[in-house]
Amino acid sequence: MTVPGAVHVIEELVRRFADANCRGGTVLDPETARACFLAGAQFIVSPALNLETIACCRELDIAVMPGALSQVRLFRRGVPALI
């Protein structure tokens with residue numbers, strides 16, 4: 001989350017543009033993923049492969065796109081190809 005107040009920005013975007021697909025980006029931990037979800041984000045993007053963040057997103061039933069060089073790396077860490 002590189003934008004100051006990013007979770008609030010997500011809340012405002014969802015409120016103003018109900019049809020827009022909003023995401024939480026540069027999410028590094030499960031707490032931030034949960035905050036983005038609660039703000040209305042429809043999916044999460046992360047530059048890193050954090051298994052706790054992936055587990056949190058799966059629990060919340062929200063799509064997550066973790067950073068990894070390949071699907072093989074995800075698979076080796078126990079992450080299914082379709083998250």
What donor-acceptor contacts under 3.5 angstrom involve side-chain atoms of residues 28-44, with partners at least two apart or in another chain?
{"residue": "D29", "atom": "OD1", "partner": "E31", "partner atom": "N", "Å": "3.2"}
{"residue": "D29", "atom": "OD1", "partner": "T32", "partner atom": "N", "Å": "2.7"}
{"residue": "D29", "atom": "OD1", "partner": "T32", "partner atom": "OG1", "Å": "2.8"}
{"residue": "D29", "atom": "OD2", "partner": "T32", "partner atom": "OG1", "Å": "3.4"}
{"residue": "R34", "atom": "NH2", "partner": "E59", "partner atom": "OE2", "Å": "3.3"}
{"residue": "Q42", "atom": "OE1", "partner": "C22", "partner atom": "N", "Å": "2.4"}
{"residue": "Q42", "atom": "NE2", "partner": "A20", "partner atom": "O", "Å": "3.4"}

Quiz item: Is there side-chain contact between T53 and P66, with at least one heavy-atom pair below 4.5 Å?
Solution: no
Quiz item: Do V27 and V14 belong to the same hydrophobic cluster, where Ile, Leu, Val, Met, Phe, Trp and Tyr are linked whenever their side-chain heavy atoms lie under 4.5 Å apart, directly or via other members?
Solution: yes
Self-check item: Salt bridge flag under 4.0 Å for residues E11 and R15
Solution: no
Quiz prompt | Nearest non-hydrogen partners of I54 and L49, listed with the distance | solution = CD1-CD1, 3.6 Å
Quiz prompt | Cluster link F17 to I10, ILVMFWY, side chain under 4.5 Å | solution = no
Quiz item: Do you reckon I62 sits in the same ILVMFWY cluster as V9, going by side-chain contacts under 4.5 Å, direct or chained?
Solution: no
Self-check item: Residues in side chain to side chain donor-acceptor pair (under 3.5 Å) contact with R76, at least two apart in sequence or another chain
Solution: none
Quiz item: Shared ILVMFWY cluster between L51 and V64, side chains joined below 4.5 angstrom?
Solution: yes
